[in-house]
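A quick write-up on the structure given underneath.
Here the structure is a predicted model, which is why all the values come from computation and not from measurement. In what follows, chains carry the letters A, B, and so on, assigned in the order in which the sequence lines appear, proteins first and then strands, with residues in each chain numbered from 1.
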Protein chains: 2
Amino acid sequence: MTVSKTAEKTAEKSAEKPADAAKGRKDASEPQAEALQLGELSEQLGYVLKRAQLKVFENFLRCMASLQLTPAQFSVLLLVEKNPGRNQTEIASTLGILRPNFVAMLDNLESRDLCARIRSTNDRRSHILVLTDKGKAVLARAKKLVATKHEARLNDLLGQANREALIEMLAKIANEF
Amino acid sequence: MTVSKTAEKTAEKSAEKPADAAKGRKDASEPQAEALQLGELSEQLGYVLKRAQLKVFENFLRCMASLQLTPAQFSVLLLVEKNPGRNQTEIASTLGILRPNFVAMLDNLESRDLCARIRSTNDRRSHILVLTDKGKAVLARAKKLVATKHEARLNDLLGQANREALIEMLAKIANEF
DNA sequence: GATAATTGTTATGGACCATACCAAATATCG
DNA sequence: CGATATTTGGTATGGTCCATAACAATTATC
């Protein structure tokens with residue numbers, strides 16, 4: 001997933017046979033044949049979007065290494081904190097997670113004592129989700145890490161105004177595309 | 001992966017027991033308890049980025065349904081066209097695809113007669129990649145579809161200037177984050 | 001009260017990604 | 001030159017994420 005800093009393994013030998021293999025090549029201008037042309041690719045929305053997303057997730061994981069939280073887990077904790085008393089279906093579907101896939105995720109968070117399933121008394125089918133005390137504490141630390149080490153990089157890179165414009169445009173795409 | 005248009009399966013019954021279950025509830029103001037609060041989630045770069053990326057890929061696949069090209073396949077064809085005479089390792093690594101995973105991808109494109117592997121005479125280990133005539137034709141049609149049905153939507157949604165600014169910012173993130 | 005719908009869950013398969021390993025071909029260097 | 005290391009395409013394999021079908025328990029519907 002590196003790539004952008006490519007050119008370190010493309011080597012220097014191929015794609016030339018005539019009018020060049022007989023010259024007195026020795027020192028300068030040796031390692032050409034490098035650096036592929038991205039061409040129209042760098043203008044493709046999907047391409048640059050995916051690339052940016054991978055980089056951002058990668059950085060997120062590094063920032064959260066001490067708390068061992070993935071972006072998806074972080075979003076679950078955030079949503080449960082903001083919406084206490086909701087069941088699994090509501091939280092999962094809001095995040096675009098299918099209920100079957102949400103089970104293992106919750107098993108993980110619950111085993112780490114970050115959140116808990118509580119049988120609802122209204123509807124004994126559903127499990128109400130809440131954050132444990134530890135979950136609240138971990139989420140608080142996670143927020144600080146994200147704000148200072150992760151989101152702050154966007155400001156350093158784009159500036160406050162551009163950062164907000166970017167988020168807004170992405171949200172528009174996510175909602176109206 | 002839908003979500004944004006949620007609220008159609010969250011139902012209308014939970015999270016209320018006192019001071020409401022005895023009223024004369026009948027018509028108006030019935031289905032509350034809807035619409036979870038996204039909260040800080042909508043400001044999270046990674047969250048909105050991933051959401052936007054999924055939407056864009058989804059739309060890309062719809063636009064390319066007639067040609068049966070995924071975003072990854074399209075990027076391979078674009079790169080091979082722009083850089084003829086390169087081998088698998090070079091094309092794959094430029095796209096962030098690991099060589100082992102690139103094999104099946106090429107098998108697919110080659111079986112559809114869109115591109116071909118040619119044993120290099122310089123280095124008989126490597127396979128030079130080229131587009132077939134059919135591959136060039138399909139790519140040409142794909143470009144038109146992407147331009148008119150896919151990228152055009154960005155202009156309709158954000159406007160030309162914002163579209164360019166967005167691509168530029170995403171590229172910056174992909175390269176410097 | 002019979003039937004339909006919902007909730008959490010399991011099982012399962014596909015797509016994508018990453019690592020280890022291999023044979024053939026080439027590069028490197030004593 | 002020849003022994004060793006490196007590179008290339010490939011296979012095998014496992015992990016993660018995503019999607020569908022099916023099921024028991026519970027609740028809604030009529």
Euclidean distance, A:Met64 CE relative to A:Leu69 CG, rounded to 0.5 Å
5.0 Å
Side chain of [X] (C-beta onward), nearest among [options]:
| X | options | result |
| --- | --- | --- |
| A:Pro100 | C:dT7, D:dG10, C:dA11 | C:dA11 |
| A:Asp123 | D:dT27, D:dT8, D:dG10 | D:dT27 |
| B:His127 | D:dC18, D:dG9, C:dT7 | D:dG9 |

Looking at [N], I'd like to know if its phosphate oxygens (OP1 or OP2) sit under 4.0 Å from a side-chain N or O belonging to [X].
| X | N | result |
| --- | --- | --- |
| A:Arg99 | D:dC23 | no |
| B:Arg124 | C:dA25 | yes |
| A:Lys50 | C:dC17 | yes |
| A:Ser126 | D:dT26 | no |

Quick check: on DNA chain D, is the nucleotide nearest A:Ser120 upstream (toward 5') of the one nearest B:Arg119, or the reverse? Name the residue that is more 5'.
B:Arg119
Any N or O donor-acceptor pair under 3.5 Å from the base of D:dT7 to the side chain of B:Arg125?
yes
Could you check how far [atom1] of [X] sits from [atom2] of [N], rounded to whole Å?
| X | N | atom1 | atom2 | value |
| --- | --- | --- | --- | --- |
| B:Ile97 | C:dT19 | CD1 | P | 16 Å |
| A:Phe102 | D:dT20 | CZ | P | 19 Å |
| B:Gln88 | D:dT11 | CD | C1' | 14 Å |
| B:Arg86 | D:dG9 | CZ | C1' | 18 Å |
| A:Phe57 | C:dA18 | CZ | P | 14 Å |
| A:Asn122 | C:dT6 | CG | C1' | 15 Å |
| B:Asn101 | D:dA12 | CG | C1' | 12 Å |
| B:Leu98 | D:dA12 | CG | P | 18 Å |

Can any side-chain N or O of A:Glu90 pair as donor or acceptor with the backbone N or O of B:Leu36 at less than 3.5 Å?
no
For A:Leu114, does its backbone N or O pair with a side-chain atom of A:Thr132 as donor and acceptor, under 3.5 Å?
yes
Looking only at heavy atoms, what is the nearest atom pair of B:Val56 and A:Gly46, with distance?
CG1-CA, 3.9 Å
Among A:Met169, A:Lys172, A:Glu168, side chain to side chain contact (heavy atoms under 4.5 Å, CB included) partner for B:Asn162:
A:Met169
